[in-house]
K.L.:
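Below you will find the structure I want to go over with you.
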Amino acid sequence: MEKKPVISIIGGTGNLGTGLAKRLAVKGYKVILGSRSEEKAEKSAAELKRALGVDLIRGMPNPEAVRGGDLIILTVVQSAHEAALKSLKEDLQGKILVDATARIKFPNPKPPQPPSASRRAQTLLGEGVRVVAAFQNVAAQSFADLEKELESDVLVCADDQEAARQVIDIIEDLGMQAYYAGDLDAANTVEGLTALLVNINKFNDIQHASIQVTGGE
Ligand SMILES: NC(=O)c1ccc[n+]([C@@H]2O[C@H](COP(=O)([O-])OP(=O)(O)OC[C@H]3O[C@@H](n4cnc5c(N)ncnc54)[C@H](OP(=O)(O)O)[C@@H]3O)[C@@H](O)[C@H]2O)c1
């Protein structure tokens, strides 16, 4: 990678957003945490900077965060998916949007109905935004604990394979294996896998079940 992109995380004050921000910042990425509240964004950024001892994280309202980022990751609560995308549609034009949404209903998760969250995002945002689905199978806690090695592989889905390649390069830079797994319709299966992983945790006394792809060599 020639120059590391600035990465903005929408809903970046949450569990997955702060975990991803930590992993990105310790690898030298500039990260912008987006929030509905400027104060909350700045507070989260200050906490992470203090904890990590790096000066690479800033906090901003979501629209400014989108405008300031080269690549955007969406980690808002699943119930806010559509509303967040609608409110940021204009600012997102021309960008790559990585959608981490896994539509899981607790306590008994089932595979969600198609279309996938990322297909819904692509339809809503139009062709001016390149949507990539990733991270739906990785527990936020796995990112948050920097002492722990990242064991999970990441399945990456997109209609635009070049955009997927850029996201895969970043994921591999974080120390994970990433695999292109098909277009945005395939991402519905990836969301369903998250439901299975939640069940595996629940019925087998496992903390953060994840997936690994084998069979390469
Ligand atoms: N947690 C995991 O282990 C995990 C793993 C894989 C994928 N995911 C996916 O990642 C996404 C985030 O999960 P999470 O557990 O990180 O969520 P979370 O911590 O509960 O919330 C994330 C952020 O969503 C924002 N938010 C809440 N209500 C909102 C609204 N009405 N409009 C706009 N933003 C709103 C909040 O940010 P502000 O209040 O600062 O605006 C909050 O910090 C979900 O789609 C989930 O399926 C989660």
Side-chain angles (χ1 to χ4, degrees), residues 1-81 83-85 87-88 91-92 95-102 104 117 121 132-154 156 166-178 194 207-208 210:
M1 206 180 304
E2 283 174 12
K3 185 171 174 280
K4 289 185 193 279
V6 176
I7 301 188
S8 294
I9 307 179
I10 305 310
T13 58
N15 297 317
L16 185 61
T18 50
L20 276 168
K22 278 187 188 174
R23 296 283 178 169
L24 288 162
V26 295
K27 287 289 181 180
Y29 288 86
K30 287 186 180 150
V31 179
I32 302 174
L33 294 185
S35 168
R36 290 166 296 171
S37 151
E38 183 168 14
E39 193 187 346
K40 187 175 170 188
E42 286 175 351
K43 187 163 173 270
S44 287
E47 281 168 11
L48 287 187
K49 279 198 286 190
R50 221 177 5 258
L52 300 176
V54 296
D55 194 23
L56 294 171
I57 305 175
R58 288 179 293 160
M60 294 181 195
N62 284 327
E64 285 179 37
V66 172
R67 292 196 287 276
D70 298 316
L71 185 139
I72 318 299
I73 305 179
L74 182 71
T75 64
V76 296
V77 284
Q78 43 179 305
S79 56
H81 185 250
L85 291 170
S87 71
L88 297 168
D91 294 312
L92 282 164
K95 312 260 182 186
I96 291 176
L97 175 75
V98 181
D99 193 340
T101 307
I104 298 301
V132 176
F135 301 121
Q136 306 98 309
N137 297 155
V138 190
Q141 290 88 341
S142 328
F143 286 117
D145 185 353
L146 295 181
E147 299 293 310
K148 291 225 171 101
E149 212 172 304
L150 290 166
E151 291 176 330
S152 178
D153 292 345
V154 182
V156 177
Q166 289 188 43
V167 176
I168 286 170
D169 285 348
I170 293 167
I171 295 168
E172 291 184 342
D173 205 16
L174 298 184
M176 308 170 92
Q177 295 290 322
T194 306
Q207 294 258 299
H208 312 306
S210 65

K.L.:
In terms of side-chain geometry, is the basic nitrogen of E47 or K43 positioned less than 4.0 Å from the acidic oxygen of its partner?
P.N.:
yes

K.L.:
If you round to the nearest 0.5 Å, how far is CG of L24 from CG of L71?
P.N.:
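One gets 9.5 Å once the value is rounded to the nearest 0.5 Å.
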
K.L.:
Please round to the nearest 0.5 Å and tell me the distance separating atom CG of D99 and atom NE2 of H81.
P.N.:
3.5 Å

K.L.:
List for me each residue that meets salt bridge (charged side-chain N to carboxylate O under 4.0 Å, His left out) alongside E38, sequence neighbours excluded, and say none if there are none.
P.N.:
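For E38 there are no salt bridge (charged side-chain N to carboxylate O under 4.0 Å, His left out) partners, ignoring immediate neighbours.
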
K.L.:
Side chain of D153, backbone of A178: donor and acceptor closer than 3.5 Å?
P.N.:
no

K.L.:
Taking side-chain hydrogen bond (donor to acceptor under 3.5 Å, both in side chains) as the test, write out the residues that go with D70, two or more places apart.
P.N.:
none

K.L.:
Quick one: are I10 and V76 in side-chain contact, heavy atoms under 4.5 Å?
P.N.:
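I10 reaches V76 side chain to side chain.
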
K.L.:
Return the minimal non-hydrogen interatomic distance between I9 and A21, and the atom names on each side.
P.N.:
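Between these two residues, the closest heavy atoms are CD1-N, 3.8 Å.
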
K.L.:
In chain order, what residues pass the salt bridge (charged side-chain N to carboxylate O under 4.0 Å, His left out) check against K40, with sequence neighbours excluded?
P.N.:
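If we apply the salt bridge (charged side-chain N to carboxylate O under 4.0 Å, His left out) test to K40, skipping adjacent residues, there are no hits.
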
K.L.:
Considering residues at least two apart in sequence or located in another chain, which fulfil the side-chain hydrogen bond (donor to acceptor under 3.5 Å, both in side chains) criterion with Q166?
P.N.:
E162

K.L.:
In chain order, what residues pass the side chain to side chain contact (heavy atoms under 4.5 Å, CB included) check against K30, with sequence neighbours excluded?
P.N.:
V6, L56

K.L.:
Kindly write out the residues that satisfy side chain to side chain contact (heavy atoms under 4.5 Å, CB included) with A144, not counting sequence neighbours, or none if the list is empty.
P.N.:
K22

K.L.:
Specify the closest pair of heavy atoms between T194 and Q136, including all atoms of both residues, with the distance to one decimal.
P.N.:
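What the structure gives for the nearest pair is OG1-O, 2.8 Å.
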
K.L.:
Backbone N or O of S44 within a donor-acceptor pair of the T13 side chain at under 3.5 Å?
P.N.:
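Answer holds: no.
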
K.L.:
Let's go through V167 and V154 carefully: what are the C-alpha distance in whole Å and the side-chain angles of both, what is the deciding distance for side-chain contact (heavy atoms from CB on, under 4.5 Å) to 0.1 Å, and is it a yes or a no?
P.N.:
CA-CA 10 Å; V167 176; V154 182; over 6 Å; no

K.L.:
How many angstroms lie between CG in L48 and CG in L33, if you round to the nearest 0.5 Å?
P.N.:
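Spacing of CG (L48) from CG (L33) equals 6.0 Å.
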
K.L.:
For T18, check side-chain hydrogen bond (donor to acceptor under 3.5 Å, both in side chains) against everything at least two apart and list the hits.
P.N.:
none

K.L.:
Decide yes or no for L85 and L97: does some side-chain heavy atom of the first lie under 4.5 Å from some side-chain heavy atom of the second?
P.N.:
yes

K.L.:
Are more than 12 heavy atoms, taken from residues, nucleotides or ligands other than R23, located less than 6.0 Å from that residue's CZ atom?
P.N.:
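Check passes, neighbour count above 12.
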
K.L.:
Please round to the nearest 0.5 Å and tell me the distance separating atom OG of S37 and atom CG of N62.
P.N.:
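One gets 10.0 Å once the value is rounded to the nearest 0.5 Å.
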
K.L.:
Measure across G68 and S8 and return the closest heavy-atom pair with its distance rounded to 0.1 Å.
P.N.:
C-OG, 4.2 Å

K.L.:
Taking only residues two or more places apart in sequence or in another chain, which ones pass salt bridge (charged side-chain N to carboxylate O under 4.0 Å, His left out) with E151?
P.N.:
none

K.L.:
Suppose we screen for side chain to side chain contact (heavy atoms under 4.5 Å, CB included). Which residues come up paired with K148, at least two apart in sequence or across chains?
P.N.:
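Scan of K148 (side chain to side chain contact (heavy atoms under 4.5 Å, CB included), adjacent residues dropped) gives D145.
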
K.L.:
In Å and rounded to the nearest 0.5 Å, what is the OG to CG distance from S142 to L16?
P.N.:
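Here the rounded value is 9.5 Å.
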
K.L.:
Identify, with sequence neighbours excluded, every residue that meets side-chain hydrogen bond (donor to acceptor under 3.5 Å, both in side chains) alongside T75.
P.N.:
none

K.L.:
If you round to the nearest 0.5 Å, how far is CD1 of I57 from CG of L52?
P.N.:
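Rounded to the nearest 0.5 Å, the CG-CD1 separation comes to 5.0 Å.
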
K.L.:
So, for A100 and F135, which heavy atoms are closest and what is the spacing to 0.1 Å?
P.N.:
CB-CB, 4.1 Å

K.L.:
Could you work out, with salt bridge (charged side-chain N to carboxylate O under 4.0 Å, His left out) as the rule, every residue matching R67, not counting sequence neighbours?
P.N.:
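Applying salt bridge (charged side-chain N to carboxylate O under 4.0 Å, His left out) to R67 gives D91.
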
K.L.:
Which residues pass the side chain to side chain contact (heavy atoms under 4.5 Å, CB included) test with S152, not counting sequence neighbours?
P.N.:
V138, M176, S210

K.L.:
Looking at A41 and M60, what are the two nearest heavy atoms and their distance?
P.N.:
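Looking at all heavy atoms of both residues, the closest pair is CB-N, 3.4 Å.
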
